[in-house]
Protein chains: 4
Amino acid sequence: MRTIASGRHGRADHARRESAQMAFGRTHVGHGAHTTWFFETFVLRPHVSNYRPFDEAFEALFNSYYETIGSPYPRSERGLLSRPAVADVYSYRSHVDAAMLDLIQEGLNPDLNARIRLGIEHEQQHQELLLTDIKHILGSNPLRPTYSAAYRNDSPVKEVIAPTQGWLSCPEGVRQIGQSRIESGNDDFHFDNEGPRHRIYLHEFALASRLVTNGEFREFIEDDGYSRHELWLADGWTEAKQRQWQSPLYWQRTGERWLQYTLDGVRALQDAEPVCHISYYEADAYARWRQCRLPTEAEWEIAASNYEVDGNLVESGALHPLPAKTASTTQFFGDVWEWTASDYAPYPGYRPAAGALGEYNGKFMCNQRVLRGGSCATPRAHLRATYRNFFPPSVRWQFSGLRLARSV
Amino acid sequence: MRTIASGRHGRADHARRESAQMAFGRTHVGHGAHTTWFFETFVLRPHVSNYRPFDEAFEALFNSYYETIGSPYPRSERGLLSRPAVADVYSYRSHVDAAMLDLIQEGLNPDLNARIRLGIEHEQQHQELLLTDIKHILGSNPLRPTYSAAYRNDSPVKEVIAPTQGWLSCPEGVRQIGQSRIESGNDDFHFDNEGPRHRIYLHEFALASRLVTNGEFREFIEDDGYSRHELWLADGWTEAKQRQWQSPLYWQRTGERWLQYTLDGVRALQDAEPVCHISYYEADAYARWRQCRLPTEAEWEIAASNYEVDGNLVESGALHPLPAKTASTTQFFGDVWEWTASDYAPYPGYRPAAGALGEYNGKFMCNQRVLRGGSCATPRAHLRATYRNFFPPSVRWQFSGLRLARSV
Amino acid sequence: MRTIASGRHGRADHARRESAQMAFGRTHVGHGAHTTWFFETFVLRPHVSNYRPFDEAFEALFNSYYETIGSPYPRSERGLLSRPAVADVYSYRSHVDAAMLDLIQEGLNPDLNARIRLGIEHEQQHQELLLTDIKHILGSNPLRPTYSAAYRNDSPVKEVIAPTQGWLSCPEGVRQIGQSRIESGNDDFHFDNEGPRHRIYLHEFALASRLVTNGEFREFIEDDGYSRHELWLADGWTEAKQRQWQSPLYWQRTGERWLQYTLDGVRALQDAEPVCHISYYEADAYARWRQCRLPTEAEWEIAASNYEVDGNLVESGALHPLPAKTASTTQFFGDVWEWTASDYAPYPGYRPAAGALGEYNGKFMCNQRVLRGGSCATPRAHLRATYRNFFPPSVRWQFSGLRLARSV
Amino acid sequence: MRTIASGRHGRADHARRESAQMAFGRTHVGHGAHTTWFFETFVLRPHVSNYRPFDEAFEALFNSYYETIGSPYPRSERGLLSRPAVADVYSYRSHVDAAMLDLIQEGLNPDLNARIRLGIEHEQQHQELLLTDIKHILGSNPLRPTYSAAYRNDSPVKEVIAPTQGWLSCPEGVRQIGQSRIESGNDDFHFDNEGPRHRIYLHEFALASRLVTNGEFREFIEDDGYSRHELWLADGWTEAKQRQWQSPLYWQRTGERWLQYTLDGVRALQDAEPVCHISYYEADAYARWRQCRLPTEAEWEIAASNYEVDGNLVESGALHPLPAKTASTTQFFGDVWEWTASDYAPYPGYRPAAGALGEYNGKFMCNQRVLRGGSCATPRAHLRATYRNFFPPSVRWQFSGLRLARSV
């Protein structure tokens with residue numbers, strides 16, 4: 001049970017530090033209340049006979065999208081919610097924590113164990129979202145406030161040069177990707193969408209040896225990449241024109257100089273850092289401009305599986321993508337989520353879990369693209385080579401970038 | 001200068017009490033920063049040569065709509081602003097307060113005196129808006145939180161019966177309404193839109209001796225008033241269907257019983273209280289259903305001028321409309337703003353002030369209706385029989401109700 | 001009954017000429033079917049016991065907005081209607097015409113007479129709308145097609161100079177405007193919104209002796225009138241920016257030259273012609289820029305009542321506003337509808353007709369401005385000095401212009 | 001060159017018959033002008049030195065989406081286009097036809113041959129769209145007009161029973177799909193998106209032996225399929241609720257009976273016919289409800305390649321899907337386009353053509369699903385087992401249905 005405990009305590013520590021500031025109170029309240037709700041709704045209510053819910057109104061209020069569980073509170077009106085107060089949400093959390101600890105001490109059957117594990121993994125996902133939401137809120141503020149120094153105070157600002165990009169190639173043939181079903185009693189975890197493990201046919205391909213950098217992306221901008229329709233998917237072109245995209249999110253130009261908003265505040269754009277906060281459409285247009293393409297998720301997984309899950313993840317404290325250190329730094333894990341060319345679709349033989357928990361992944365398998373590899377805001381324990389993140393192709397507020405691919 | 005001092009101190013007290021809670025922090029920050037901005041922008045920056053602005057970025061950030069003053073920050077994105085923090089806004093206020101006190105101690109010329117007076121009246125308007133915004137935010141929250149007991153703790157709940165409604169009639173003829181220009185050196189104040197004083201021709205009419213009550217409005221609902229298109233203006237019918245209006249804002253039915261959200265929380269609807277939080281369209285439909293009409297603003301002013309500016313205003317502490325006590329309680333002042341049939345238009349000979357201050361009233365003279373009489377959230381010192389409030393016909397979040405009129 | 005017969009035959013002639021071309025078939029079908037529907041719905045169905053409706057489906061299909069009469073077909077989907085075919089609408093018309101003639105030959109009681117008269121006046125309104133709709137459809141087409149020469153072939157293109165504008169002044173005092181109730185048996189007609197006749201108090205004012213011209217309006221454009229927010233109402237400024245207004249509708253600049261789309265096609269802008277196809281917001285901004293204002297409808301009526309209802313109306317065949325010929329050409333009637341500063345509101349003592357016919361005028365008395373005087377597309381027999389046209393302040397596709405006013 | 005000639009004449013015949021009616025004039029004008037534009041823009045303008053364009057304004061007007069070719073006329077305003085008249089579009093066509101015949105008689109090089117072939121295939125696509133647009137326009141009309149009997153007069157109305165559905169299974173392994181590059185001089189044709197031919201890995205699967213029928217889909221409706229969120233993709237659920245879908249498009253219930261609008265008019269729903277006019281979301285929800293899934297496009301192609309391209313295509317004249325005749329009628333080709341589970345994506349090694357012609361397919365490869373097999377409105381010569389049609393998952397106005405699949 002150590003994993004569970006540390007996972008949850010990790011969150012609690014995080015929350016405690018946060019409580020000193022409150023500046024982003026509402027964001028925090030939303031994420032914190034929702035992840036707490038998950039434990040109450042999927043563990044305590046159905047499995048603890050004498051459990052007394054903290055507040056009946058919270059069931060609908062903090063339900064993000066589970067249609068099975070009552071009526072979710074409409075997203076568009078969430079901005080109006082000034083209550084419950086931060087302190088009430090902490091009380092809610094304490095109430096649920098206490099009930100969870102009681103339950104855990106009584107001992108868990110495999111189903112309960114699996115549910116709690118899912119709750120922890122869910123909370124890890126929200127830890128990342130909490131950071132990207134805070135960045136979005138602060139970065140959209142004309143005051144461009146700096147994210148509190150309580151978290152970090154040494155920002156990596158010395159100018160470096162990115163190593164030359166090489167190619168990692170892979171021969172044609174039948175391969176296997178995905179995860180097998182976990183044996184009962186095993187401590188492993190993966191989401192249902194990562195399985196079943198299955199055969200695919202790969203054509204010969206090569207992936208870039210590192211991520212695309214800011215400097216490389218600047219070349220695309222300077223070559224009028226944002227104004228040349230022939231480089232863009234039709235939907236991307238419409239989106240880019242409508243939203244007047246001229247650069248990645250958080251970039252701003254001052255005369256000849258590019259600046260970038262980071263969680264440390266605004267600073268000069270570093271050419272050697274991986275480009276970040278781009279949509280799928282921009283990633284795709286960039287790749288086309290380089291006469292390359294984006295990797296499929298299968299290609300990515302086959303290539304990345306040769307490397308250890310390590311890199312600039314949330315534990316590094318950088319909260320920002322960092323330049324590749326050497327020519328052999330592949331950056332497969334951490335820094336930025338890598339857009340793949342793959343539609344988010346079920347693997348052959350995929351079946352979602354029964355009931356409300358089955359709404360976790362399967363029902364989103366339409367109109368989204370798979371991203372791979374984790375980012376500088378992802379907890380290491382949360383990541384695997386088979387991990388499938390997914391977002392609609394137009395979003396930019398995640399730490400999202402790209403790696404080039406080409407057919408050989 | 002006593003008026004000025006107490007006006008501003010009134011605000012300061014209000015703010016200090018607020019600071020204990022922070023729950024509605026963002027609302028408070030918005031109003032407090034904006035009214036402070038008014039003094040900085042229209043008094044300190046142009047008239048104090050060595051004034052050092054608190055933060056240059058605040059000029060655009062807290063500009064609500066003055067096109068003359070830079071680019072106002074877009075309203076639709078204000079919800080994203082989590083900074084400046086509450087404490088920063090108080091520092092901003094202190095900074096501006098100090099500079100204002102210095103300026104006042106040096107002595108004021110008539111122009112400066114007028115600008116400061118306008119700033120105070122502006123702040124009084126925002127004191128009312130602060131309350132209605134808080135009510136809207138809390139009342140839209142499914143938790144229906146109660147507005148803090150720090151403000152008030154005795155709610156008027158005993159059931160009473162409204163006095164029978166009579167009619168106050170007025171003969172045909174030429175009358176005068178509005179305000180003459182204020183003599184220099186005079187302590188009087190009115191907004192530019194209240195003048196010039198001018199003649200109008202009134203036809204014989206009668207106004208109801210009190211406001212329409214909840215009980216009377218329930219009869220409209222029970223007679224299917226919300227479903228009978230022939231009672232409604234075309235625009236009102238469209239609006240009511242689109243927004244699915246079935247009752248005034250903040251009413252909710254539980255079985256046979258009507259409840260109402262107030263700043264004290266949800267409580268049983270009191271039939272004797274004036275109906276409140278209705279749009280112009282609902283007021284107009286109700287009047288048509290009673291085979292009456294709404295008063296024009298001229299009729300209202302002529303009738304109300306016979307009475308003292310007194311009633312259930314913000315100083316009563318009720319923060320809610322109260323039943324008329326006796327048959328001679330006319331309720332012309334306080335309780336609810338009364339929708340009039342009058343388009344918000346310039347009086348004959350009206351000229352707005354020059355420059356940015358001229359944007360205060362004149363440019364809104366289209367697509368709005370005049371409301372008269374103040375509400376339970378209006379400071380008494382802010383009100384006059386000639387006072388012209390105005391809102392688009394569809395809004396409901398103000399303390400707005402109606403009084404019947406009829407032609408004779 | 002002569003009036004009735006000629007009124008309807010006027011329409012029939014119009015239709016017959018139209019039938020040669022069909023180019024704007026759908027527009028024509030819409031207006032023609034709807035005015036026919038009016039006779040069927042309000043005269044034949046309720047008053048002719050053995051009347052057999054032409055097609056039951058037409059009742060909802062051609063109902064523009066009468067909520068009392070079934071469910072109007074949604075406006076937003078009218079563009080999808082390719083049926084009934086033009087020929088079917090003519091059959092519908094013949095069917096209704098025949099039944100109407102039978103009814104008329106039997107003799108009419110006063111109520112029926114009034115209903116038929118209303119139907120004829122209604123059809124005259126649609127004759128004007130038919131022209132402005134055709135102009136809008138053709139003028140929005142990048143091919144800028146010319147309206148058929150079957151109607152007219154001599155366009156007034158020789159350059160003239162507008163006479164100098166003078167002022168017509170009017171002293172202060174009580175006046176009367178509007179129409180008295182019509183005596184039974186009288187052949188006169190006015191819409192219900194023109195009455196009752198009533199007293200108003202007018203302050204001394206002066207109206208311009210003619211309409212504002214294109215040349216004068218160009219000066220506003222050249223003085224950056226469309227870019228100076230201080231000249232605009234707040235709603236107008238928003239609208240103008242959103243729709244990117246830079247000139248009246250149908251104007252286009254080619255280098256230094258202004259062109260204008262007319263029903264004769266694109267031709268050089270004539271400075272001496274009255275400015276046309278402007279919104280209320282543009283009229284209001286122009287007047288403010290000239291340090292004048294728009295007339296109220298009462299001022300307009302009092303001034304215009306001194307002149308005969310004559311001018312460049314639809315019978316002139318110009319289908320376009322024409323320059324004032326002499327300094328004494330007041331242009332009160334014809335050329336362009338003149339925006340007034342008056343909200344479209346009920347006159348004191350106004351009561352709409354009972355039933356569905358009561359939906360004709362009263363329910364639109366909100367968020368609209370009154371226009372006076374008729375245009376080059378208005379039939380002379382349809383117009384009076386008391387006639388109140390009304391449109392929302394943002395519309396531009398009518399022949400709408402302005403006359404300056406000032407307080408003295 | 002026979003293929004070319006007959007292809008184009010096929011279109012001309014079609015147009016000639018159409019000209020007798022004009023009822024859907026605008027639809028016809030749009031498609032006819034656009035396909036003509038294709039020949040003018042991609043063949044005549046660039047390759048015939050002395051070609052004189054029919055009307056310069058048509059270049060932008062009939063450009064559907066080619067960003068390379070000037071500025072396409074905005075789609076949202078196409079409904080306003082009443083010109084050019086039908087007769088002008090026929091003149092345009094004659095003009096282009098004549099120039100094309102001249103060019104063909106001079107002899108064609110392989111590039112020109114390929115461009116002309118693409119133009120013909122493009123026109124075949126629009127022949128199908130013309131029918132589905134007409135159906136949509138007439139079927140949205142409350143009069144529910146019948147498509148002209150000039151086309152067809154024998155509708156298949158006798159009640160039949162669909163054969164029992166069996167399963168066609170396919171073992172696991174590496175397979176090949178798609179088209180190889182065409183040898184120069186060869187008469188074959190396929191779109192660029194059908195290639196390159198490439199290996200894929202298929203898991204064991206089975207496809208239903210025929211299409212899902214109306215009767216089977218009724219069971220889904222009767223089992224509350226449209227109200228059970230757990231059967232739907234999240235985006236589909238949102239769409240279905242927003243548009244209030246309760247059945248396939250063109251179905252309507254009268255008491256206990258289901259009717260269906262067809263090009264023959266409204267008639268009783270035939271249980272044995274394939275279900276039609278459903279979105280991807282409905283197809284997916286239906287399959288989930290049957291505890292099955294949709295086929296991938298690879299599975300479909302492998303299974304369908306065993307059968308001849310034959311079935312109820314446009315040449316049958318039915319213009320409506322027909323019941324499977326026997327248990328061995330697989331319905332792979334014709335009747336309805338079959339939604340597949342596959343995102344519309346490039347095949348490994350895919351490269352679009354250079355220049356504007358490259359905008360034909362590649363740039364749409366996002367947010368669309370592949371449909372396979374052709375419909376009752378598809379010309380037989382236009383279809384292949386490798387043909388990839390694609391539409392966004394929410395559209396319903398095509399003849400679109402489904403076939404069940406399952407993993408084994």
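Throughout, a chain's letter reflects where its sequence line sits, starting with A, and its residues are numbered from 1. In this text the structure is predicted, and so the values were computed from the model without any measurement.
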Partners meeting salt bridge (charged side-chain N to carboxylate O under 4.0 Å, His left out) with B/Arg175 (sequence neighbours left out): none

Sub-6.0 Å ring centroid separation between [X] and [Y]:
{"X": "B/Phe205", "Y": "B/His203", "result": "no"}
{"X": "C/Trp339", "Y": "C/Tyr281", "result": "no"}
{"X": "B/Tyr347", "Y": "B/Tyr350", "result": "no"}

Which atoms of [X] are under 4.5 Å from chain B, going by heavy atoms: the side chain, the backbone, both sets, or neither?
{"X": "C/Gln291", "value": "backbone"}
{"X": "C/Arg293", "value": "neither"}
{"X": "C/Gln368", "value": "neither"}
{"X": "C/Ile200", "value": "backbone"}

B/Leu294 versus B/Ala287, closest heavy-atom pair with distance: N-CB, 4.1 Å

The single option from B/Arg290, B/Arg288, B/Glu282 passing side chain to side chain donor-acceptor pair (under 3.5 Å) against B/Tyr286: B/Arg290

Set of side chain to side chain contact (heavy atoms under 4.5 Å, CB included) partners for B/Ser169, sequence neighbours left out: B/Ala206

B/Trp237, part contacting chain C, at a heavy-atom distance under 4.5 Å: side chain

Closest-packed option against chain B by number of heavy-atom pairs under 4.5 Å, given C/Pro348, C/Cys366, C/Ser342, C/Ala345: C/Cys366

Pairwise side-chain contact, B/Arg369 with C/Asp343, heavy-atom cut-off 4.5 Å (strictly under): yes

Test side-chain hydrogen bond (donor to acceptor under 3.5 Å, both in side chains) applied to B/Gln176 - qualifying residues, sequence neighbours left out: B/Arg197

Contact listing (chain C partner; residues 401-408 of chain B; heavy atom under 4.5 Å): B/Ser407

